[in-house]
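First up is the structure itself, then whatever we jot down about it.
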There are 2 protein chains.
Amino acid sequence: MLNYTLRQLEYFVAAADRGSVARAAERLNVSQPSVSNAIAKLEDQLGVQLFIRQHAQGVSLTPTGRRLHMEARDLLRHAEDLFDSAHSANSAITGELSLGCFVTLGPLFMPALVTLFTQHHPAVTIRLREAIQDDLINGLVNGEFDLALLYDLNLPDAVESKPLARFAPYILLPEAHRLSGAGDISLTDIADEPFVLLDVPPSRGYFLGLFEAAGLQPNVIFSSPSLEMVRGLVGQSVGYSLLVTRPRGDLTYDGLRLVTRPLSEATQESTVCMARLAKSRPTRLMDAFDNFCQTWFSEHYGDG
Amino acid sequence: MLNYTLRQLEYFVAAADRGSVARAAERLNVSQPSVSNAIAKLEDQLGVQLFIRQHAQGVSLTPTGRRLHMEARDLLRHAEDLFDSAHSANSAITGELSLGCFVTLGPLFMPALVTLFTQHHPAVTIRLREAIQDDLINGLVNGEFDLALLYDLNLPDAVESKPLARFAPYILLPEAHRLSGAGDISLTDIADEPFVLLDVPPSRGYFLGLFEAAGLQPNVIFSSPSLEMVRGLVGQSVGYSLLVTRPRGDLTYDGLRLVTRPLSEATQESTVCMARLAKSRPTRLMDAFDNFCQTWFSEHYGDG
DNA sequence: ATCCTGGATAGTATATTCCTATTCAATGTA
DNA sequence: TACATTGAATAGGAATATACTATCCAGGAT
């Protein structure tokens, strides 16, 4: 248990720098006895003599004091660094941002967001991890993530979220599918066909809920937690799929062409949002990224 | 002006290490509210949130807190290093000893003293500087030296000295001098001959004082602040000299042989002593060197 | 001798830190 | 659903540390 204080060190260094207790006190805007006292205590607690008191002409360092003077200056610098680093986490847009992201949203949005943001704020490093909803929420709650990009589904009260964009679900078909030329497609039209389910919470429940709401039972022939696996299977005409996340390209990894069609049913849209721990105080960096995402999404997905 | 304390940092780190305020308190032998309070203040003063309070299961770090945890541990280690370094200046025989030494005494005693002492205490480094009496005293007073080896002449009250050995003055003659075969020599026998004076304070005054006490006036033909210069001149038969410091060899630098003869007058002996600043508190290293010199001198020059 | 400079000390008010006791929110369990 | 348990936060009060003003004291300067 350390028994001396940074304050004592500050006063000691100030006095050593100026060779005078009174001058140090003046500089520090405290009274002369305060400095005198602090130094006396420090000498006592460290068990060494730091100064030789030269009556009427200030103080001069003992050899031991001279060595300690250097070390104390170092330590104070170190302490200020820590303070700055803590403080700048809150006052400047620098430092590290720990970000979580729902798996399917990751490759679609994060490359652009991260690249643009760090272009505006080069002093920022972003640590990104993809995870499923539950892990994202846990990550927020236990402090693994500062922020998380996820769907506004089943969020507990502990996390607070701001919507960024809304996305309507759509039907994904192989190019050769009989309905690939249709305008929009009703769930009833297709419910009997083999369905490839994107099986990752909370999406799974959301998709199945859409069928349920229409009084239908999907014919799940395959399920995978990987979006690209689902697209690949649809490309191979294993079945159709129902998705929200919409990659720009229409090719699967193995080069087959896909077609998307809107649902004719008026369905509940999915909301992508930025979440953070409700009770935690956001850093300025967090706010900055939050705002940045807000504008980026409104520019690119302004009307849902 | 730093507004957080090492104590706060200690409590914070302890709590972060254990993921629990209560456990930290237990470990630190303080009450739980003390730790809680310290952390709350630290968060306030640094302006960041360090912990997420997980009700009924301790606390977990925010990403910012995690970064600060590392830095705080570093800083505490640094602070302990400083404490150790200060403390060990007083509790272990390590560190640096700043030593002053009267010019003529240097080559005679210091090589052996320094070598032997650092053999016993390998962790010690000795910084040695030779100077004349006034500079030694100033050096002690203004903190340049921890200790000084010098003659017990004209010492102000500010420095405290312990005698190490007494040396009687002697006459130095060239080998070919008419009195080189004599048993002892009176100042009266030789006062008219040319005298080579070792001209360095306080020796100068001491030597001249010896003549004065005998009611004699020396015939100073040459004076030099260098002992070897004086010996060389005497070797060349420029004159005789009166000295206290007694090198072992009887050859000058240029290879001429010298002879020493005791004074027949009962004279005041010169005392070599170890001096330090009276009001300063000695470190253990200083004490150790002091004692070491005490025994070394009593072994080698036990009877004066 | 006398004044001036500059650190130490005395006495006191205020802030901080600590303690114990209690409260409060969340968890896990009958 | 109630109830004990866990673990942090808060309240209130005692002890400690830190700050201040006023004064003292030793050593240089005049």
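Each chain gets a letter, A, B and so on, in the order the sequences are listed, and its residues count up from 1.
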Report, as a single string ordered 5' to 3', how protein heavy atoms within less than 4.0 Å touch nucleotides 14-26 of chain D: B base, S sugar-phosphate only, - not at all. ----SSBBB---S
Taking side chain to side chain contact (heavy atoms under 4.5 Å, CB included) as the test, write out the residues that go with B:E144, two or more places apart. B:R129, B:N142
Spacing of A:Q57 atom CD relative to D:dA29 atom P, expressed in whole Å: 6 Å
Side chain to side chain donor-acceptor pair (under 3.5 Å) with B:R127: which residues, sequence neighbours excluded? none
Is it the case that the side chain of A:Q133 and the backbone of A:L153 share a donor-acceptor pair, with hydrogens and angles ignored and the cut-off at 3.5 Å? yes
Between the CE atom in A:M1 and the CG atom in B:N29, the distance rounded to the nearest 0.5 Å is 7.5 Å
Reading DNA chain C from 5' to 3', where do the contacts with chain A start and stop? Cut-off is 4.0 Å to heavy atoms. C:dT5 to C:dT9
Could you tell me which residues satisfy side chain to side chain contact (heavy atoms under 4.5 Å, CB included) with A:N3, sequence neighbours excluded, listed by chain and number? A:Q45, B:F83
Will you find, in the side chains of A:Y11 and A:S34, an N or O donor that is under 3.5 Å from an N or O acceptor? no
To the nearest angstrom, the CZ-C1' distance between B:R53 and D:dT6 comes to 17 Å
Output all residues satisfying side chain to side chain contact (heavy atoms under 4.5 Å, CB included) with A:Q294, sequence neighbours left out; order by chain, then residue number. A:K162, A:L164, A:D290
Residues A:R77 and A:E80 bridged, charged N to O under 4.0 Å: no
Whole Å only: how far is the CZ atom of B:F12 from the P atom of D:dA8? 15 Å
